[in-house]
There are 2 protein chains.
Amino acid sequence: MVTKQFRGSLDEADLRRADSLGREIFSDIANKWALLIIEALGESTLRFSELRDEVEGVSHKMLTQNLRMLERNGLVERTVHPVVPPRVEYTLTEPGQALRVTIDGLCDWTHRYLGHIETSRHRFSV
Amino acid sequence: MVTKQFRGSLDEADLRRADSLGREIFSDIANKWALLIIEALGESTLRFSELRDEVEGVSHKMLTQNLRMLERNGLVERTVHPVVPPRVEYTLTEPGQALRVTIDGLCDWTHRYLGHIETSRHRFSV
DNA sequence: CGGTATCCTATGCGATACTG
DNA sequence: CAGTATCGCATAGGATACCG
């Protein structure tokens, strides 16, 4: 979404359009599976089954559903090799790569503050 | 969660514990409302009602629910002023501030690639 | 192997009402 | 003003089965 830092750089109509679109994108992406899939893809190209193994706990359904969404938003590219059995590969586009960098930041954050959070939870339940 | 970049820096038992906790945190945080609330708090201290106005579209219920979760994880601090009517203020802790920085990155990303995504969606629906 | 469709449960989330 | 509790609908998401 368009946060306060950007208001003023756009006219009213653009602002409204960007706001609702941005909100939509934000909802698409602020979702556990999408983030984990992007993180799993990283620099490499992976097949559907490899992704399913890599993103632990994801179901067949959620994987397809999120991959379609990411493809629609132009974050991953899907390549079908016309062979039997079918071979389908997924790779991050440039926007996808850029997003991955910020997700890496999220992972670093989680790692760094794991201890803080653990003790905070303990204190909270008292 | 503990991603590949960190494996090897921990022993087996720690790894499992960190993995499940990390996954939990990730699920807590990779959620639209949590991210928007943290972003709204920013540098400032806000009252419950101010937050509800700031985070557009959030319901009373979702706001309380997410604030409790963030408090439990030690990302926001809740201060109750014993006056009538009650005055409750929320502010980001240091871990919360650190997280906000990475969320800012997410917002920047959304802003930067809004155009890419819009055209990609259009192409996809053909 | 990768994808779609179906069914069913759990959860998200809004609306409303009640308390200190 | 801030919070809790309850109800009820809508969506998320697992399990399973079937198709190219």
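Letters A, B, ... mirror the listed sequences (proteins, then strands); counts begin at 1.
Within residues 63-82 of chain B, no residue has a heavy atom under 4.0 Å from DNA chain C.
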- Each nucleotide of nucleotides 14-20 of chain D classed B (base within 4.0 Å of a protein heavy atom), S (only sugar-phosphate) or -, in 5' to 3' order, makes BB----B
- Would you write the dot-bracket representation of DNA chain C, where each base gets (, ), [, ], | or . depending on whether it forms a Watson-Crick or G-U pair under 3.5 Å and with which partner? .|||||||||||||||||||
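With no hydrogens or angles considered, a side-chain donor-acceptor pair links N31(A) and N66(A) at under 3.5 Å.
Residue pairs meeting the ring-ring contact (aromatic ring centres under 6.0 Å, His included) criterion with at least one member in residues 61-86 of chain B: none, sequence neighbours excluded. Identified under the ring-ring contact (aromatic ring centres under 6.0 Å, His included) test for residues 45-64 of chain A, with sequence neighbours left out: F48(A)-H60(A).
Contacts of E94(B) classified as salt bridge (charged side-chain N to carboxylate O under 4.0 Å, His left out), with partners at least two apart in sequence or in another chain: none. Under the rule for a side-chain hydrogen bond (donor to acceptor under 3.5 Å, both in side chains), the partners of R78(B) that lie at least two apart in sequence or sit in another chain are Y90(B). In this structure, E77(B) has no salt bridge (charged side-chain N to carboxylate O under 4.0 Å, His left out) partners at least two apart in sequence or on a different chain. When the salt bridge (charged side-chain N to carboxylate O under 4.0 Å, His left out) test is applied to E118(B), the partners found at least two apart in sequence or on another chain are R17(A). Scored by the salt bridge (charged side-chain N to carboxylate O under 4.0 Å, His left out) test, R112(A) finds no partners at all (sequence neighbours excluded). Evaluation of the side-chain hydrogen bond (donor to acceptor under 3.5 Å, both in side chains) rule for R52(B) yields no partner, not counting sequence neighbours.
Here the side chain of T102(B) pairs no donor or acceptor atom with the backbone of G105(A) at under 3.5 angstrom. Under a 3.5 Å cut-off, the side chain of Q97(A) and the backbone N or O of G42(A) do form a donor-acceptor pair.
Look at R87(B) and you won't find any side-chain N or O under 4.0 angstrom from OP1 or OP2 of dA2(D).
For DNA chain C, the outermost nucleotides in 5' to 3' order that have an atom under 4.0 Å from a heavy atom of chain B are dC13(C) to dG20(C).
Ring pair W109(A)/Y113(A) is tilted by interplanar angle, where 30° to 60° counts as tilted.
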